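Below is one structure, written out as structure tokens; the observations come after it.
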Amino acid sequence: MHIPKTIKTTHYNKPKRKKYLYKKMAKPSSTLKDKTLNGLGNLIRLLPTGTVFIYQFLNPILTNNGHCTIINKYLSGILIALCGFSCGFSCFTDSYTDYDGAIRYGIATMKGLWPTSSSVDTSSYKICVGDFVHAFFTIVVFGVVTILDRNMVDCFFPEFESTEKMLIMVLPPVVGAISSVVFMVFPNKRHGIGYPPTSQDN
């Protein structure tokens, strides 16, 4: 009787390869800080340069870097009020080039710019509805920049820190988009105080 031989086969267990999860490193432009800076940068472009410079220079000093006393709060409030007024007021100013080639600034009125030279006709610089729209949204943009400022938040609303990240993500793109649409409907043709003229128009 033939008995079949059993062949023993040895099964080698292949070593299990460990699975490593590699986290994708986020690009610098996609970080929260960079998004905030980009959003704030786009908003600041809508504001007069001189006002923005004064605010950014005096803000850390008057707020004591966010560690405010009552005096710091009053001084910071005055700074915000003056800078907000300056943002709105600059929308009602314009500039022109006189016959001597010098750039003159004036305030837009119902008749033109004031003060103005008698030799230059500024009737085309009359105040219009778009000036009020620009002034309103410029003040709104400045208010958003103020809310997103860490020193101001720590000074006036220290309990606001929990929702600060959400506002940083939402406010700049939303306000920037709305302001861009408004400025497309009401284009800003003025080059007043804080907005240097790009070309010299007689």
Side-chain angles (χ1 to χ4, degrees), residues 31-95 103-109 113-115 127 129-180 182-183 186 188 190-197:
T31 61
L32 178 62
K33 181 178 179 181
D34 291 330
K35 285 184 178 180
T36 304
L37 293 177
N38 292 334
L40 287 177
N42 294 331
L43 292 180
I44 289 176
R45 292 177 185 175
L46 303 175
L47 302 177
T49 54
T51 302
V52 173
F53 174 78
I54 293 175
Y55 174 77
Q56 291 180 340
F57 178 75
L58 295 179
N59 175 31
I61 300 174
L62 298 182
T63 60
N64 193 22
N65 292 322
H67 305 285
C68 286
T69 61
I70 297 179
I71 297 178
N72 293 120
K73 289 184 178 181
Y74 278 112
L75 294 177
S76 300
I78 293 174
L79 175 65
I80 294 175
L82 292 177
C83 290
F85 173 80
S86 176
C87 290
F89 176 77
S90 62
C91 296
F92 298 95
T93 63
D94 208 339
S95 61
I103 298 177
R104 307 293 182 181
Y105 291 91
I107 303 173
T109 64
L113 289 183
W114 179 87
I127 196 171
V129 177
D131 297 331
F132 293 94
V133 177
H134 294 157
F136 174 76
F137 275 93
T138 301
I139 295 174
V140 171
V141 169
F142 177 73
V144 172
V145 173
T146 303
I147 292 175
L148 297 181
D149 182 75
R150 188 60 182 271
N151 292 332
M152 287 297 180
V153 172
D154 292 340
C155 182
F156 290 96
F157 310 102
E159 69 282 356
F160 199 55
E161 186 176 0
S162 58
T163 57
E164 184 178 7
K165 291 184 178 180
M166 182 184 67
L167 292 177
I168 286 175
M169 295 291 293
V170 174
L171 280 180
V174 170
V175 176
I178 295 175
S179 300
S180 298
V182 171
F183 287 166
F186 299 95
N188 186 13
R190 298 194 183 278
H191 301 287
I193 300 174
Y195 301 96

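Residue numbers run from 1 in the order of the sequence given. Please read all numbers here as calculations on a predicted model, not as lab measurements.
Between His191 and Ile103 there is no side-chain heavy-atom pair separated by less than 4.5 Å. Side-chain atoms of Tyr55 and Leu47, non-hydrogen and from C-beta on, never get closer than 4.5 Å to each other. In this structure, Ile178 and Val174 have side chains that are in contact, with non-hydrogen atoms separated by less than 4.5 Å. Asn64 is not listed as a side-chain neighbour of Thr69, based on a closest heavy-atom distance of 4.5 Å or more.
Qualifying side chain to side chain donor-acceptor pair (under 3.5 Å) partners for Asn151, counting only residues two or more places apart in sequence or in other chains: none. Listed by chain and number, the residues in a side chain to side chain donor-acceptor pair (under 3.5 Å) with Thr93 amount to none (sequence neighbours excluded). For Ile139, the side chain to side chain contact (heavy atoms under 4.5 Å, CB included) criterion is met by no residue, not counting sequence neighbours. With sequence neighbours excluded, the residues that form a side chain to side chain contact (heavy atoms under 4.5 Å, CB included) with Ala135 are Cys91, Phe92. Every residue was checked against the ring-ring contact (aromatic ring centres under 6.0 Å, His included) condition with Phe136, not counting sequence neighbours, and none meets it. Residues meeting the ring-ring contact (aromatic ring centres under 6.0 Å, His included) test with Phe137, sequence neighbours left out: none. Legend: residues meeting side chain to side chain contact (heavy atoms under 4.5 Å, CB included) with Leu58, ordered by chain and number and at least two apart, are Ile54, Leu62, Leu79. Residues passing the side chain to side chain donor-acceptor pair (under 3.5 Å) test with Ser90, sequence neighbours excluded: none.
Ile127 contributes atom CD1, which lies 8.0 Å from atom OG1 of Thr109 (distance to the nearest 0.5 angstrom). Atoms CD1 and CG, from Ile61 and Asn72 in turn, are 11.5 Å apart once rounded to the nearest 0.5 Å. Here Asn65 contributes atom CG and Cys155 contributes atom SG; the two are 11.0 Å apart, rounded to the nearest 0.5 Å.
Residue pairs meeting the salt bridge (charged side-chain N to carboxylate O under 4.0 Å, His left out) criterion with at least one member in residues 130-141, sequence neighbours excluded: Asp131-Arg190. Listed by first and then second residue, the salt bridge (charged side-chain N to carboxylate O under 4.0 Å, His left out) pairs involving residues 69-92 amount to none (not counting sequence neighbours). Residues in residues 59-89 take part in these ring pair (Phe, Tyr, Trp, His ring centres under 6.0 Å) pairs, two or more places apart or across chains: Phe85-Phe89.
Scanning all heavy atoms of the two residues, the minimum distance from Val144 to Val175 falls at CG2-CG2, 3.7 Å. Between Cys83 and Thr51, the closest heavy-atom pair is O-CG2, 3.5 Å. In plain terms, the two heavy atoms of Gly77 and Phe156 that are nearest each other are N-CZ, 3.9 Å.
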